[in-house]
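Let me begin by presenting the structure, written as structure tokens, before commenting on it.
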Amino acid sequence: MKTYRHLYPQVYAFPNLLAAFRDARRGKRSRPEVADFEFDLEANLLALERELASRTYQPGAYRNFYIYEPKVRLVSAAPFRDRVVHHALCNVIEPIWESRFIHDSYACRLGKGTHRALARCRQFVRQYPYVLRCDIRQFFPSVDHEILLHILGGKIADPDVLELCARILRSGEGILAGEYEMVYFPGDDPSTGSGQGLFAVNRPRGLPIGNLTSQFWANVYLDRLDQFVKRTLRCPAYLRYMDDFLLFADDKPTLHAWRAEIADFLVGLRLVLHPRKSVVFPVTNGVEFVGFRVFPTHVRLRRAGVQRFARRLRWLQEEYAAGRVAMEHVQASLRSWVAHASYTNSYRLRLGLLRSLTWRPPCASRPSS
């Protein structure tokens, strides 16, 4: 198997750091920390170059906060200079895995995304009568650092790059500890409390949600699953978007057998299938995937997604009337959702929602009493 050496100088090369800065800045130029970094851009990039070249770079502290849509998640925002390093690292190592990844892995990859995943799902739904829909329980909090570094080391033979990966991993250690419910696997010793790393149950785990590196490493980690499904199970109709994945077949027994084999395989990655969300059923019931419900003859929006957008519409109406958001922001939000919804049979739904609210100009005066 080919391994890659002498990668580290490419990571801290000034042109790569400049490209990484531009990538990290995209869509965030108005944020104060981005503006501060850009104000003295050359000095800040040269400082990062020196720290990385001398192996003295240390990641800063995360800013952690919860989001509540579409479900409660703890999101971690790294300091902007660290996000530049994340982009610089991924610029160098991501191409190594991109050629290895299967075609039908769609999350966080150039030229992929939710709508490509939807199109592929529609194709399979029309071809096969049954589906196994799977979800990995507590995926991001469960990722084992030692296993991930071992997988990375299978392709990267540059110790400095691996040490930088390990340093970034250590910077997020423990952030998701409160989101993880302990799972014991065969060979674990639940009675130990030594914390000395002698048992796998005590090893560091968890990828902070929000890092570019976390998204990329999630694909690296689950590439083992992708290869198992395609090469060992030889499933011809499989696709994955992050930790949600679908297998299609002509009969239920095949899918039930595959589910059992996947559950056994995931033990080696210290992962478990979600018991309620990993089920076999006919595609005529509708397959929920990447925010849509896919049937053989048509596609619908998920009800929860429609309800979220209706709430956002009401919020936008109130904020616009109060003068706290501009109409340009309202229009951009509406265009984004309409483009998303246009992939479904939802013309009447869109029309009804958009006609349901009145947009009162913020300068409209109230009648005097």
Side-chain angles (χ1 to χ4, degrees), residues 59-79 82-83 85-87 89-90 93-94 97 101 105-109 112-114 117 133-152 164-185 188 200-226 228 239-246 262-263 265-278 288-291:
Y62 287 88
R63 179 173 59 88
N64 302 303
F65 55 94
Y66 281 96
I67 61 171
Y68 298 90
E69 298 288 358
K71 63 181 181 180
V72 179
R73 286 179 181 267
L74 178 63
V75 176
S76 303
D82 292 339
R83 297 202 292 272
V85 174
H86 298 170
H87 278 273
L89 175 63
C90 287
I93 67 174
E94 189 169 358
W97 268 272
F101 288 156
S105 164
Y106 288 91
C108 308
R109 294 178 63 195
K112 301 290 184 175
T114 56
R133 184 180 185 274
C134 290
D135 178 271
I136 295 177
R137 182 171 173 265
Q138 309 179 121
F139 172 65
F140 278 94
S142 299
V143 172
D144 186 291
H145 291 189
E146 184 172 313
I147 293 174
L148 174 59
L149 289 170
H150 176 75
I151 295 171
L152 291 171
L164 178 59
C165 293
R167 191 167 296 184
I168 294 171
L169 279 172
R170 287 194 297 270
S171 72
E173 186 177 328
I175 286 177
L176 292 176
E179 312 299 308
Y180 181 75
E181 183 179 342
M182 181 60 69
V183 177
Y184 293 106
F185 295 90
D188 290 346
V201 72
N202 294 316
R203 293 202 299 250
R205 66 177 72 86
L207 295 178
I209 299 173
N211 274 3
L212 174 69
T213 48
S214 296
Q215 296 169 357
F216 168 60
W217 286 335
N219 274 338
V220 170
Y221 204 80
L222 289 178
D223 178 63
R224 289 283 181 93
L225 169 65
D226 297 340
F228 173 75
L239 69 158
R240 179 177 62 80
Y241 192 94
M242 201 50 71
D243 59 324
D244 292 329
F245 54 97
L246 306 172
I262 288 170
F265 177 81
L266 289 175
V267 169
L269 295 174
R270 300 187 67 79
L271 300 174
V272 295
L273 292 176
H274 196 293
R276 289 187 295 103
K277 297 181 180 179
S278 301
E288 290 195 358
F289 194 58
V290 294

May I ask you to test the [X]-[Y] pair for a side-chain heavy-atom distance under 4.5 Å?
X: Phe289; Y: Thr114; result: no
X: Leu266; Y: Arg137; result: no
X: Asn219; Y: Arg240; result: yes
X: Val201; Y: Arg270; result: yes

Expected list for residues 206-218: side-chain donor-acceptor pairs under 3.5 angstrom, two or more places apart:
| residue | atom | partner | partner atom | Å |
| --- | --- | --- | --- | --- |
| Asn211 | ND2 | Tyr62 | OH | 2.8 |
| Ser214 | OG | Pro208 | O | 2.7 |

Quick check for you: to the nearest 0.5 Å, what is the distance between [X] atom [atom1] and [Y] atom [atom2]?
X: Asn64; Y: Ile175; atom1: CG; atom2: CD1; value: 4.5 Å
X: Leu89; Y: Cys165; atom1: CG; atom2: SG; value: 4.5 Å
X: Leu271; Y: Leu222; atom1: CG; atom2: CG; value: 6.5 Å
X: Asp135; Y: Asp243; atom1: CG; atom2: CG; value: 5.0 Å
X: Glu146; Y: Arg205; atom1: CD; atom2: CZ; value: 12.0 Å
X: Met242; Y: Phe139; atom1: CE; atom2: CZ; value: 7.0 Å

Please report the shortest heavy-atom distance between [X] and [Y], naming the atom on each side.
X: Phe65; Y: Ala77; value: CE2-CB, 4.2 Å
X: Cys134; Y: Leu273; value: CB-CD2, 4.1 Å
X: Ile262; Y: Leu225; value: CG2-CD1, 4.0 Å
X: His145; Y: Leu169; value: CE1-O, 3.5 Å
X: Tyr180; Y: Val183; value: OH-N, 3.4 Å

Measure from the side-chain N and O atoms of [X] to the backbone N and O of [Y], and report whether any donor-acceptor pair falls under 3.5 Å.
X: Tyr221; Y: Ile147; result: no
X: Asp244; Y: Val290; result: no
X: Arg83; Y: Ala78; result: yes

| message | I'd like to check the side-chain hydrogen bond (donor to acceptor under 3.5 Å, both in side chains) partners of Tyr106; sequence neighbours left out, ordered by chain and number. | response |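 By the side-chain hydrogen bond (donor to acceptor under 3.5 Å, both in side chains) rule, Tyr106 matches Asp104.
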| request: Return the set of residues passing salt bridge (charged side-chain N to carboxylate O under 4.0 Å, His left out) with Arg73 (not counting sequence neighbours), or none when no residue passes. | output: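 Arg73 satisfies salt bridge (charged side-chain N to carboxylate O under 4.0 Å, His left out) with no other residue.
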| In chain order, what residues pass the salt bridge (charged side-chain N to carboxylate O under 4.0 Å, His left out) check against Arg133, with sequence neighbours excluded? |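 For Arg133, no residue satisfies salt bridge (charged side-chain N to carboxylate O under 4.0 Å, His left out) once neighbours in sequence are set aside.
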| query | Can you list the residues that meet the side-chain contact (heavy atoms from CB on, under 4.5 Å) rule with Val267, with sequence neighbours excluded? | reply |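 side-chain contact (heavy atoms from CB on, under 4.5 Å) list for Val267, sorted by chain: Phe185, Pro186.
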| message | Any carboxylate oxygen within less than 4.0 angstrom of a Lys/Arg side-chain nitrogen, looking at Arg167 and Asp82? | response |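 Result for this pair is no, no salt bridge flagged.
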| said: So, using ring-ring contact (aromatic ring centres under 6.0 Å, His included) as the criterion, who are the partners of Phe265 when residues are at least two apart? | reply: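 Phe265 satisfies ring-ring contact (aromatic ring centres under 6.0 Å, His included) with Phe228 once adjacent residues are dropped.
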